[in-house]
> 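Just dropping this structure here.
All values below come from the heavy atoms of this structure, side chains included, with hydrogens, waters and symmetry mates left out. All ligand and atom numbering here is 1-based and tracks the order in the structure. As the structure is a computational prediction, the values presented were derived from the model and not from experiment.
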Amino acid sequence: MMLNIDNIHTKSIKQSNRSKILNLVYKNRDITKQEIAKVLNLSIPTVISNVNLLIEEGILEESGVAASTGGRKPVIVRLVKDSKYSFGVDISPDETRIILTNLYAEIKADVAFNHLGLKNINDIMGRVEVKINDILDKHKIPKESILGIGFSLPGIVNEELLYLENAPNIGIKDVNFSVFQKRLGIKIYIENDGNTAALAESVIGIAKSKSNLVYLQITEGIGAGIVINGHLYRGQNKKAGEIGHMRISDEGLICNCGRTGCWELYASEKALLRIYNDRADSKVQDLEGLFEKYFESDKLAKDSVNRYLDHLVIGIQNIILAFAPEYVIIGGKISCYEDVLLEPLTKRVLQESIFLDRYNTQIIFSRLKQNASILGSALLPLKELFK
Ligand SMILES: [Zn+2]
């Protein structure tokens, strides 16, 4: 019994030294074994044995020598960025997108398929499996080099049980992803899309140094990833962040959730298109179409964007009052129109209220744009490696 516990204990120390070393090399790109020992406060033999194991696994390599400070020249090590890969899968209302990334989250493959004709999640997952195998074949990557597949899902997700409780905007509920994990033979990770986007912005995006932020995933609906003191806040039963269903109006529009007046009915991408199309003679299909009109100084388009902002402002102000974040990050396709939206949004959310002005919250637009949530999903397996 004692022996077992000891074994586990020794193993977990080794594991954490390995992850600490990997993390440091990841951040520094090139670093000597001596520097690793110094920064992590580890003995040189500990560093050497861990680094040797990682070199054997092909994750690290020696990349030269640094100038000597007396004695032998210190050996520099670095990550072999194409030694391991990760898949990210984003299931949105009309399409499923799949990316392959390396250890530095660089996108190596990017495919999508329209799934409107497909009836259920089994059909979608069947297509995902085919696409993943195609990518592996095309890039000649063995399955063993894949750390995992991360899924970004617009709904309530239990990431520990691999269970999607409900995703009303894609009409899917009660899905157990461990079934697919068995079928694919690759470890699966799942997460809510607002959370994956927030993760991506914190790890590789605009918010690297920020520990309090709210990421707004503005698409068909509005989801949110809430980061408090550097940790994703999930709430009881993982239900936090359903900010799109916060009630901001007493008008009678009925939401997917069964209630009325939900924020996403007024401030989602879909809402902006509806605001315009309700009054337009020639309808627009998407944001590109709407903003094309906007840039032609179409009065209705300008007016619609303005009315849309009225609603967006109310929700963001509520979020600032509740969380006092350093950043509110606007994500989704709407973030491509930063040039048009940022200034009036900031002005109306913060500057028109002396009270809110004092919160020092900054409104920023996602740097990763529509890639935020899918990159975040590909980071889920990587996170496991560096944990
Ligand atoms: Zn609702």
> Mark yes or no: Lys302 above the aromatic ring of Tyr294, with NZ or CZ under 6.0 Å from the six-membered ring centre and no more than 45 degrees from the axis.
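Yes, a cation-pi geometry holds between Lys302 and Tyr294.
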> Parallel, tilted or perpendicular: which one describes the rings of Phe291 and Tyr337, with boundaries at 30° and 60°?
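Rings of Phe291 and Tyr337: parallel, as their planes differ by under 30°.
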> Is it possible for you to check whether Lys187 lies under 6.0 Å from the centre of the six-membered ring of Tyr189, through NZ or CZ, and within 45° of that ring's axis?
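Judged by the rule (NZ or CZ under 6.0 Å from the ring centre, within 45° of its axis), Lys187 counts as positioned above Tyr189.
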> I'd like to know if the side chain of Tyr327 and the backbone of Val214 have a donor-acceptor N/O pair within less than 3.5 Å.
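Checking the backbone N and O of Val214 against the side chain of Tyr327, no donor-acceptor pair under 3.5 Å is found.
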> Mind listing the protein N/O/S atoms less than 2.8 Å away from the Zn ion (ligand 1)? Waters don't count.
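Listed by chain and number, the nearby protein N, O or S atoms are His245 ND1, Cys255 SG, Cys257 SG, Cys262 SG.
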> Quick one: does Lys131's side chain get under 4.5 Å of Phe113's, heavy atoms only?
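With C-beta onward as the side chain, the pair touches.
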> Do any N or O atoms from the side chain of Glu35 and from the backbone of Thr32 form a donor-acceptor pair under 3.5 angstrom?
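Indeed, once roles are kept as given, a pair shorter than 3.5 Å links the two residues.
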